[in-house]
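Working notes, structure below.
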Amino acid sequence: MAKFASPNKPITSTILPPRKKLTTQLPSRNSILNDKEIDLSNYLEIFSEPTYFPTNKTTIQHKDLPAVTNELSVTFQLNLEKLGPNQITIFNKGEDKQKSRSPALFLSQKNLKPYPYCSLKHDWAYDISAGNNLELNICNFRYYNICLSADEIFKDYISYHSNKFDRNWGKIRIKEIDPNTGNNLELNKWYHIAYTLSEPQKRMQFYVNGELVAYTDVKNIIFNEFPLKIGHYDDNSDFQGQMSNFRYYNICLSADEIFKDYISYHSNKLGFKGYS
C-alpha cells in the first residue's frame, strides 16, 4: 500500500537522498550590468521604433555616420514577413560597380540564410561562408541532482556571459553548418542581429540573439565612403517586414556588449513580444 508523507514533514527515502532546496541565487559571477557604457559619439541610432519596409527603406550618407577608422559594428532587430524573388538586402554600404561592400548583410531568398560581407584588398565581396567554421567554447560544466526551474536556468545563462570570453577555455571546432539547415532565419519571427568588423582583431563576426553563430578571419579590410542603404539595394529584393533599434557604431562591440544589448531588449519585450 502506498504511503503518503505528511505535508508538514520532509520526504525521506532509503534509495534517494532528500532533495536539497536550491538557493534563490546561483553562485555569483561578475555582473554584465557593470560594463562600461558606450559613448554616444561612438554610434548613431538611425531609427528606434519598429519601422516597416519597404515603405521606409532608408539611405544614410557617409558623412552622417560616425567616422570609422578600422572597425565598426551594426546592431538591430529584425522581423522578415515576406520573401522576394532575389537575394534580400538587410543593409549594404558600398557599390558593386566600385567593388566595395563593407559592411553588408543579405539573406538568401531560398532558405533565409544570412550572408554577412565585407571588402578585402584581395576579395571585394568576402563573406563568412568563405572563411572559418564556428568555434565552440566549453567550461563550467555542472551536473545537478535536481531539476532547475526555467528562471534558475535563465539566470545562470546570463551570469555566464559576464566573463566567458576572458577565459582560456578548451575549444572545439565543428563542421561547417549545412547551408540548407543551419543558422537560417524564419519568417514572422523577431531576431536580435549584430555584425562586427575589425582590422585590429582581424575578424568579421555575426551574432543572432546575443550568441556568436559564425565568424571569419579577415585582413586588409577596405572601408568605404559610400552611403549605407537599409532594406534595399539595386537589383536585390527589398526587405519586407520590420526592423527596430538600428545602430551603426565606429567601434567593434565585444561579445558581452552585444549580449547585454540583446538582453536589454528581451527584458523590455521589445521586438520579441508585442509586435506581430
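In this text, all values refer to a predicted model and were calculated from it rather than measured experimentally.
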**Prompt:** If Ile, Leu, Val, Met, Phe, Trp and Tyr residues are connected whenever their side-chain heavy atoms lie under 4.5 Å apart, and connections chain through other members, are Val208 and Met204 in the same group?
**Reply:** yes

**Atom pair CZ/SG of Phe223 and Cys118 - distance to nearest 0.5 Å** = 8.0 Å

**Asked** Given the rule in the side chain to side chain contact (heavy atoms under 4.5 Å, CB included) test, do Thr216 and Arg203 qualify, once you have shown the distances and angles that lead to the verdict?
**Response** CA-CA 6 Å; Thr216 186; Arg203 281 288 185 96; over 6 Å; no

**Asked** His192 versus Glu211: any side-chain heavy-atom pair under 4.5 Å?
**Response** no

**Message:** To the closest 0.5 Å, what do you measure between CG (Asn92) and CD1 (Ile230)?
**Reply:** 11.0 Å

**Item:** Gap between atom CG of Leu253 and atom OH of Tyr43 - 0.5 Å precision
**Value:** 10.5 Å

**Message:** I need the minimum non-hydrogen distance between Ser198 and Val218, along with the two atoms involved.
**Reply:** O-CG2, 4.3 Å

**Asked** Do the side chains of Asn209 and Tyr262 get nearer than 4.5 Å, heavy atoms only?
**Response** yes

**Request:** Apply ring pair (Phe, Tyr, Trp, His ring centres under 6.0 Å) to Phe47 and list each qualifying residue two or more places apart in sequence or on a separate chain.
**Result:** Phe53, Phe246

**Among Asp234, Asn236, Asp235, side chain to side chain donor-acceptor pair (under 3.5 Å) partner for Thr89** = Asn236

**Request:** Provide the full list of salt bridge (Lys or Arg N to Asp or Glu O under 4.0 Å) pairs with a residue in residues 85-94, sequence neighbours left out, each pair given once.
**Result:** none

**Message:** If the condition is ring pair (Phe, Tyr, Trp, His ring centres under 6.0 Å), which residues does Tyr248 pass it with, not counting sequence neighbours?
**Reply:** none

**Request:** Indicate if Val213 and Phe91 have the same hydrophobic cluster label, given that clusters are the connected sets of ILVMFWY residues with side-chain heavy-atom separations under 4.5 angstrom.
**Result:** yes

**Item:** CZ on Arg247 to CD on Gln77, rounded to 0.5 Å
**Value:** 11.0 Å

**Asked** Is there a donor-acceptor pair under 3.5 Å between the side chain of Ser237 and the backbone N or O of Ile88?
**Response** no

**Message:** Using the rule given for side chain to side chain contact (heavy atoms under 4.5 Å, CB included), can you reason through Tyr207 versus Leu212, listing the C-alpha separation, both sets of side-chain angles and the distance that settles it, and then say yes or no?
**Reply:** CA-CA 4 Å; Tyr207 297 76; Leu212 176 67; 3.7 Å; yes

**Item:** Minimal non-hydrogen separation, Gln240 against Pro54, with atom names
**Value:** CG-CD, 4.0 Å

**Asked** Would you call Glu71 and Pro200 a side-chain contact if the rule is heavy atoms closer than 4.5 Å?
**Response** yes

**Request:** Kindly indicate whether the side chain of Leu105, heavy atoms from C-beta on, has any atom under 4.5 Å from the side chain of Pro114.
**Result:** yes

**Item:** Sidechain-backbone polar pair: Thr51 side chain, Ser244 backbone, donor-acceptor under 3.5 Å
**Value:** no

**Asked** Same cluster or not: are Ile193 and Leu44 linked, directly or through other Ile, Leu, Val, Met, Phe, Trp or Tyr residues, by side-chain heavy atoms under 4.5 angstrom apart?
**Response** yes

**Prompt:** For Tyr191 and Asn79, what are the C-alpha separation, side-chain angles and deciding distance, and is it a side chain to side chain contact (heavy atoms under 4.5 Å, CB included)?
**Reply:** CA-CA 7 Å; Tyr191 295 92; Asn79 181 359; over 6 Å; no

**Request:** Considering non-hydrogen atoms only, spot the tightest contact between Leu107 and Gln87 and give its length.
**Result:** O-CG, 3.5 Å

**Request:** Could you please spell out the steps behind the side-chain hydrogen bond (donor to acceptor under 3.5 Å, both in side chains) verdict for His122 and Asn220?
**Result:** CA-CA 8 Å; His122 66 278; Asn220 298 321; 5.6 Å; no

**Request:** Could you pull out all residues at least two apart from Lys82 that satisfy side chain to side chain donor-acceptor pair (under 3.5 Å)?
**Result:** none

**Message:** Has Asp127 got a side-chain atom pairing as donor or acceptor with Pro116's backbone, closer than 3.5 angstrom?
**Reply:** no

**Glu225 atom CD, neighbour heavy-atom count above 12 within 6.0 Å** = no

**Item:** Identified ring-ring contact (aromatic ring centres under 6.0 Å, His included) counterpart of Phe106 within the set Phe206, Tyr195, Tyr117, Tyr115
**Value:** Tyr117

**Nearest atoms (heavy-atom pairs only) where Ser41 meets Asn250** = O-ND2, 4.0 Å

**Reported OH-to-OG distance for the pair Tyr126 and Ser102, which is rounded to 0.5 angstrom** = 12.5 Å

**Request:** Side-chain contact test, heavy atoms from C-beta onward, threshold under 4.5 Å: evaluate it for Asn42 versus Pro66 and give yes or no.
**Result:** no

**Item:** Of all pairs that satisfy salt bridge (Lys or Arg N to Asp or Glu O under 4.0 Å), the ones with a partner from residues 51-64, not counting sequence neighbours
**Value:** Lys57-Asp238

**Request:** Determine, using the 4.5 Å side-chain heavy-atom cutoff (strictly less than), whether Met243 and Tyr233 are members of one ILVMFWY cluster.
**Result:** no

**Request:** To the nearest 0.5 Å, tell me how far Gln242 CD sits from Glu49 CD.
**Result:** 11.0 Å

**Request:** With sequence neighbours excluded, tell me which residues meet side chain to side chain contact (heavy atoms under 4.5 Å, CB included) with Leu187.
**Result:** Leu80, Leu83, Leu112

**Fill in**
Ile38 and Glu257 have their tightest heavy-atom pair at CG1-OE2, 4.1 Å

**Prompt:** Heavy atoms, side chains only, cut-off 4.5 Å: are Leu185 and Leu78 in contact?
**Reply:** yes

**Pairwise side-chain contact, Asn224 with Arg101, heavy-atom cut-off 4.5 Å (strictly under)** = no

**Item:** ILVMFWY network linking Val74 to Leu120, side-chain heavy atoms under 4.5 angstrom
**Value:** yes

**Prompt:** How far apart are the C-alpha atoms of Lys202 and Asp217, what are their side-chain angles, what is the distance that settles it, and do they pass the side chain to side chain contact (heavy atoms under 4.5 Å, CB included) test?
**Reply:** CA-CA 6 Å; Lys202 302 191 183 309; Asp217 298 326; 5.8 Å; no

**Asked** Side chains of Asn70 and Ile221: closer than 4.5 Å at any heavy-atom pair?
**Response** no

**Nearest non-hydrogen partners of Ile258 and Gly210, listed with the distance** = CG2-CA, 4.4 Å

**Prompt:** Is the backbone of Thr58 close enough, under 3.5 Å, to the side chain of His232 for a donor and an acceptor to pair up by distance?
**Reply:** yes

**Request:** Kindly say whether Tyr52 contributes a backbone atom to a donor-acceptor pair with the side chain of Thr55 at under 3.5 angstrom?
**Result:** no

